[in-house]
Amino acid sequence: MDSFLFLATVYLAAAVIAVPMAARLGLGSVLGYLAAGIAIGPILGLVGGHETEELQHFAEFGVVMMLFLIGLELEPRALWDMRHRLLGLGGLQIVLTTIAVMIGAMAFGIYWSVALAIGLVFALSSTAIVLQTLSEKGLMQTGGGRSAFSVLLTQDIAVIPMLAFLPLLALPKTPQEILGQAFENLGQLNEEVSHSTHETHEAAVHFIQSLPGWGVTLVTLAAVGAIILGGVYLAQPIFRYIHTTRLREMSTALALLIVVGIAYVMNLVGLSPALGAFLAGVVLASSEFRHEIESDIAPFKGLLLGLFFITVGAGINFGVLFREFIPVMGIAFMVIVLKGAVLYGLGRTFGLKGRNLWLFTLSLAQAGEFGFVLISFSGQHNVIPASQTEILLLAVAISMLITPLLFLLYDWLSSRMDENSDKQEPDEIDDEGPVIIAGIGRFGQIVNRLVRSSGFNTVVLDHDLTAIQRMRRFGVKGFLGDPSRPELLYAAGLKEAKILVIALDDPDAAVQLVQFARRERPDIHIIARARDRTQVFRLYQAGANDIVREMFDSSLRAARYALENLGLTEFEASELETAFYHHDRHSVQELAQLWNPDIKTIDNKAYIARALELESELETLLLSQLEVGVADDEPGAPKEAETQ
């Protein structure tokens with residue numbers, strides 16, 4: 001018990017210290033976990049050996065749960081809609097990378113089946129590192145980020161056929177080895193069947209492993225079929241039954257039972273638990289309990305996945321690394337170069353340019369966490385010789401440690417590229433109208449629908465090709481291009497337009513567009529979307545006529561509903577809402593005169609003083625408005641007050 005508490009304290013302390021530090025340095029949390037493991041393992045010697053290996057088997061449930069959650073996000077219909085990008089970009093990446101690595105391995109004299117297995121291992125990238133880093137850097141919605149996600153998704157799906165295919169690559173055995181293995185397995189089976197349940201499980205595992213390659217593949221397919229049928233016909237009725245108990249902990253227990261139970265079944269037949277977890281997630285993706293399952297599993301996934309990476313770092317054998325330094329580093333860098341070349345070529349083929357091309361290339365050039373799983377699996381089935389597995393595991397870990405440096409290289413390249421280097425050529429604008437709408441997200445769509453439905457023509461501009469294509473499917477004409485470019489605005493009819501609606505997500509771009517339009521057309525009416533009050537002030541100083549905070553009107557409506565349910569009449573709540581609206585508009589105009597972008601708002605004494613005065617005036621105004629409304633409801637009250 002004491003040793004367990006000591007290990008738990010060491011692992012948790014290492015994570016709490018190293019991970020936030022790595023995140024603040026912009027290196028990502030995964031590298032922090034790996035560094036924490038290296039610190040407490042090879043460097044300080046606090047953990048290691050047999051205990052770390054046992055803990056790593058437990059921590060692998062983090063990978064299993066991650067695959068389960070990925071499967072939950074992949075509804076079969078969504079997978080079908082993405083089939084072209086998955087099979088094209090993702091499928092070609094796996095095939096071409098496998099071939100390139102295989103050829104490189106065979107050039108060093110490695111047997112072809114072993115080289116093919118190594119190629120499959122290094123064709124996979126790190127889903128955990130890449131997705132988390134893309135999210136942290138805000139690059140997920142870029143062209144390169146979306147393409148990288150498609151490839152990662154294909155790789156995660158490809159783990160399934162890889163696990164089924166690898167046993168077919170088992171190295172041939174000599175007759176003596178086959179006979180000896182058969183007697184050994186038979187002896188183990190006879191001995192272990194007569195012992196405990198744990199030993200029976202071990203016997204079954206050995207029996208499956210002793211099957212020929214085609215037999216293991218059939219067992220794999222049978223297990224996959226059983227999981228799919230169970231998910232379709234058993235899981236949802238059980239969830240409905242548990243849901244009727246109204247006990248949240250039972251739902252969490254059932255979600256964990258599914259993951260752990262499937263992991264046990266897959267492990268029983270000698271396969272990776274990640275295989276079954278992913279399939280179960282896909283099967284349950286269309287279930288009405290999908291989001292509840294996801295929220296129950298996510299905390300366990302995060303902790304166990306972090307623990308998995310710590311054990312990976314703690315398990316790095318620096319003795320082997322120093323002894324085989326050149327082979328390990330050579331393999332890691334060769335994989336990054338070969339994989340990067342394949343990714344770069346595919347990116348150009350699929351139309352990626354500039355920043356997007358380099359983001360796609362550098363983000364996926366490493367090996368992935370499933371490489372550990374596939375290498376261990378290959379070693380168990382005599383696909384990769386035991387003498388090579390440790391070197392390959394080290395090469396995978398080193399390539400993952402290099403990934404943050406690849407992202408730093410992307411940042412360096414991105415900062416030196418022209419702003420428009422990765423943008424597609426804008427459309428030729430052949431339409432005009434009194435209203436130009438810059439940006440066609442959720443905000444711009446509503447504006448466009450109302451104006452066009454009222455009989456007025458609009459010219460819609462957006463730099464997001466997906467948004468433009470989506471609009472065209474619904475019969476709405478839009479033009480691809482950066483709305484902040486002067487030549488595009490002139491082509492859209494800036495000289496003749498009466499109104500310019502700015503609905504851009506980027507606050508700086510919106511302010512610059514207001515400044516440009518006001519300078520070029522002093523008489524045009526500019527309506528701008530603002531994210532918060534600070535942006536309102538910036539847009540006001542830039543020259544916008546009407547500024548709409550994106551959550552302001554909906555928040556007012558919600559407050560009006562609250563007042564109505566507190567006992568006020570609809571008329572009273574509406575009058576208070578109107579009074580608040582006009583007072584806030586007046587307040588914003590006054591405070592905009594006092595706002596100074598060079599001074600923090602909290603240090604602007606004049607601004608704070610006037611804001612407090614305006615808030616006091618608002619309270620007095622609304623209370624008096626409410627008193628007038630109550631008086632109006634009394635018999636004989638003058639009705640003129642209703643028009644205030």
Does [X] pair with [Y] as a salt bridge, N-O distance under 4.0 Å?
{"X": "Arg355", "Y": "Asp411", "value": "no"}
{"X": "Asp508", "Y": "Arg538", "value": "yes"}
{"X": "Arg531", "Y": "Asp505", "value": "no"}
{"X": "Arg533", "Y": "Asp584", "value": "yes"}

Could you grab the distance from atom [atom1] of [X] to atom [atom2] of [Y], nearest 0.5 Å is fine?
{"X": "Glu617", "Y": "Glu613", "atom1": "CD", "atom2": "CD", "value": "7.0 Å"}
{"X": "Tyr410", "Y": "Leu357", "atom1": "OH", "atom2": "CG", "value": "10.5 Å"}
{"X": "Leu152", "Y": "Ser363", "atom1": "CG", "atom2": "OG", "value": "7.0 Å"}
{"X": "Thr127", "Y": "Gln155", "atom1": "OG1", "atom2": "CD", "value": "6.5 Å"}
{"X": "Ile440", "Y": "Leu461", "atom1": "CD1", "atom2": "CG", "value": "9.5 Å"}

Check the pair Ile502 / Ile527 against side chain to side chain contact (heavy atoms under 4.5 Å, CB included), numbers first and verdict last.
CA-CA 6 Å; Ile502 301 175; Ile527 304 171; over 6 Å; no

What residues, two or more places apart in sequence or in another chain, satisfy ring pair (Phe, Tyr, Trp, His ring centres under 6.0 Å) together with Phe537?
Trp595, Tyr607

Quick one: does any side-chain atom of [X] pair with a main-chain N or O of [Y] as donor and acceptor, under 3.5 Å?
{"X": "Ser624", "Y": "Leu621", "answer": "yes"}
{"X": "Arg529", "Y": "Ala510", "answer": "no"}
{"X": "Gln93", "Y": "Leu346", "answer": "no"}
{"X": "Thr620", "Y": "Ser616", "answer": "yes"}
{"X": "Ser126", "Y": "Gly368", "answer": "no"}
{"X": "Arg521", "Y": "Lys495", "answer": "yes"}
{"X": "Thr403", "Y": "Met400", "answer": "yes"}

Are there more than 12 heavy atoms of other residues, nucleotides or ligands under 6.0 Å from atom CD of Glu520?
yes

Is it true that, when you exclude Arg519 itself, more than 12 heavy atoms of the residues, nucleotides or ligands shown sit nearer than 6.0 Å to its CZ?
yes

For [X] and [Y], which I'm curious about, is there any donor-acceptor pair between the side chains at under 3.5 Å?
{"X": "Gln593", "Y": "Tyr540", "answer": "yes"}
{"X": "Thr361", "Y": "Lys339", "answer": "no"}
{"X": "Arg610", "Y": "Asn604", "answer": "no"}
{"X": "Ser587", "Y": "His583", "answer": "yes"}

Would you check if Phe149 and Val130 make a side-chain contact, meaning some heavy-atom pair closer than 4.5 Å?
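With C-beta onward as the side chain, the pair stays apart.
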
Leu362 side chain reached by Leu413 side chain, heavy atoms, under 4.5 Å:
yes

Determine, step by step, whether Asn545 and Arg518 satisfy the side chain to side chain contact (heavy atoms under 4.5 Å, CB included) criterion, reporting the C-alpha distance in whole Å, the side-chain angles of both residues, the deciding distance to 0.1 Å, and the verdict.
CA-CA 10 Å; Asn545 298 98; Arg518 179 59 65 214; 2.7 Å; yes

Under the criterion side-chain contact (heavy atoms from CB on, under 4.5 Å), which of Val451, Ile499, Val501 is the partner of Thr458?
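Option passing the side-chain contact (heavy atoms from CB on, under 4.5 Å) with Thr458: Val451.
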
